[in-house]
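None of these values were measured; they are calculated from a predicted model.
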Amino acid sequence: QVQLVESGGGLVQAGGSLRLSCAASPRTFSINNMGWFRQAPGKEREFVAAITWSGDWTIYADSVKGRFTISRDNAKNTEDLQMNSLKPEDTAIYYCAGYRFGALSLDQRLYAYWGQGTLVTVSS
């Protein structure tokens, strides 16, 4: 059974930084495309960023472009999301997700594997 576990959420002031991590298990199970989504209170879950297995291709939501950076370590079967210049509107539960086959996409319907989420709160 594939499991994704996020960590690194917390409370930060506006302008600050946080780094989220996601560990996939079992470590021998390769997930080609991995991404991050978020859901703010009272809103729909939305795409944040995604990355291919090689790391050569990434996609970012316009709202986080230039502030967030997605990366992965295939040897450890982990992916990270470095979040800088955080804004109060970044407050949300952040979910790690992935799927094995097909081109990189921001369509959450393609993502077969999901973590439980980690809360990020940005105070003004």
*Asks:* Do Val48 and Val12 share a hydrophobic cluster (ILVMFWY, side-chain heavy atoms under 4.5 Å, transitive)?
*Replies:* yes
*Asks:* Quick one: does any side-chain atom of Gln108 pair with a main-chain N or O of Arg45 as donor and acceptor, under 3.5 Å?
*Replies:* yes
*Asks:* Indicate yes or no: at least one non-hydrogen side-chain atom of Cys22 is less than 4.5 angstrom from one of Met34.
*Replies:*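 Touching, per the 4.5 Å side-chain cut-off.
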*Asks:* Is the side chain of Thr91 donor-acceptor paired with the backbone N or O of Val122 at a distance under 3.5 Å, no angle test?
*Replies:*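 Here the side-chain-to-backbone pair exists.
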*Asks:* Does Leu110 belong to the same Ile/Leu/Val/Met/Phe/Trp/Tyr cluster as Leu106, with side-chain heavy atoms less than 4.5 Å apart forming each link?
*Replies:* yes
*Asks:* Please report the closest heavy-atom contact between Ser21 and Asp80, naming both atoms and the distance.
*Replies:*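 Looks like OG-OD1, 2.8 Å.
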*Asks:* Distance-only, no hydrogens or angles: does the Asn32 side chain make a donor-acceptor pair with backbone N or O of Gly102 under 3.5 Å?
*Replies:*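 Flag not set: sc Asn32 to bb Gly102 has no pair under 3.5 Å.
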*Asks:* Under the 3.5 angstrom rule, does the side chain of Asn77 hit a backbone N or O of Ala23 as a donor-acceptor pair?
*Replies:*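 Checking the backbone N and O of Ala23 against the side chain of Asn77, no donor-acceptor pair under 3.5 Å is found.
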*Asks:* For Gly9, is there any backbone N or O sitting under 3.5 Å from a side-chain donor or acceptor partner on Thr118?
*Replies:*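 Flag set: sc Thr118 to bb Gly9 pair under 3.5 Å.
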*Asks:* Atom CD of Glu46 and atom OG of Ser63: how far apart are they, to the nearest 0.5 Å?
*Replies:* 5.5 Å
*Asks:* Could you give the distance from CZ (Phe68) to CG (Leu86), rounded to the nearest 0.5 Å?
*Replies:* 5.0 Å
*Asks:* In terms of heavy-atom contacts, does CD of Glu89 have more than 12 from other residues, nucleotides or ligands at under 6.0 Å?
*Replies:* yes
*Asks:* Decide if atom NZ of Lys65 counts as having more than 12 heavy atoms of other residues, nucleotides or ligands within a radius under 6.0 Å.
*Replies:*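 Check passes, neighbour count above 12.
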*Asks:* Taking the side chain from Glu6 and the backbone from Gly117, do they hold a donor-acceptor pair closer than 3.5 Å?
*Replies:* yes
*Asks:* In sequence, state the C-alpha distance, the side-chain angles, and the governing distance for Asn33 and Ile51, and then conclude on side chain to side chain contact (heavy atoms under 4.5 Å, CB included).
*Replies:* CA-CA 6 Å; Asn33 300 309; Ile51 187 169; over 6 Å; no
*Asks:* Between atom CG of Asp56 and atom CG of Leu104, what is the distance when rounded to the nearest 0.5 Å?
*Replies:* 11.0 Å
*Asks:* Applying side chain to side chain donor-acceptor pair (under 3.5 Å) to Thr78 and Asp73, what does each step give before you reach the verdict?
*Replies:* CA-CA 5 Å; Thr78 59; Asp73 184 337; 4.9 Å; no
*Asks:* Measuring from atom SG of Cys96 to atom CG of Leu20, what distance do you get when rounded to the nearest 0.5 angstrom?
*Replies:*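 It comes to 9.5 Å.
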*Asks:* Which heavy atom of Ala14 sits nearest to which heavy atom of Pro88, and what is that distance?
*Replies:* CB-CD, 4.1 Å
*Asks:* Between Tyr99 and Ile31, is the side chain to side chain contact (heavy atoms under 4.5 Å, CB included) condition met? List the steps.
*Replies:* CA-CA 6 Å; Tyr99 63 102; Ile31 302 176; 5.7 Å; no
*Asks:* Hey, could you give me the OH/CG distance between Tyr60 and Leu81, rounded to the nearest 0.5 Å?
*Replies:*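 Answer rounded to 0.5 Å: 7.5 Å.
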*Asks:* Run Ser17 and Asn84 through side chain to side chain donor-acceptor pair (under 3.5 Å) and show every step you take.
*Replies:* CA-CA 4 Å; Ser17 298; Asn84 299 328; 2.9 Å; yes
*Asks:* Would you please indicate if the ring centroids of Phe37 and Phe47 are separated by under 6.0 Å?
*Replies:* yes
*Asks:* Side-chain contact test, heavy atoms from C-beta onward, threshold under 4.5 Å: evaluate it for Val5 versus Gln116 and give yes or no.
*Replies:* no
*Asks:* Donor-acceptor pair, Arg38 side chain versus Tyr95 backbone, under 3.5 Å?
*Replies:*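 No: the side chain of Arg38 does not pair with the backbone of Tyr95.
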*Asks:* Kindly determine whether Arg67 and Asp90 satisfy side chain to side chain contact (heavy atoms under 4.5 Å, CB included), including the steps that lead there.
*Replies:* CA-CA 11 Å; Arg67 299 188 298 123; Asp90 294 318; 2.8 Å; yes
*Asks:* Please lay out, stage by stage, how Glu79 and Trp36 fare under the test side chain to side chain contact (heavy atoms under 4.5 Å, CB included).
*Replies:* CA-CA 9 Å; Glu79 70 159 348; Trp36 290 92; 3.3 Å; yes
*Asks:* Using only atom types and a distance under 3.5 Å, with no angle test, would you say the side chain of Tyr111 pairs donor to acceptor with the backbone of Ser105?
*Replies:* yes
*Asks:* Quick check: does any side chain N or O of Arg72 sit under 3.5 Å from a backbone N or O of Thr52, one acting as donor and the other as acceptor?
*Replies:*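 Indeed, once roles are kept as given, a pair shorter than 3.5 Å links the two residues.
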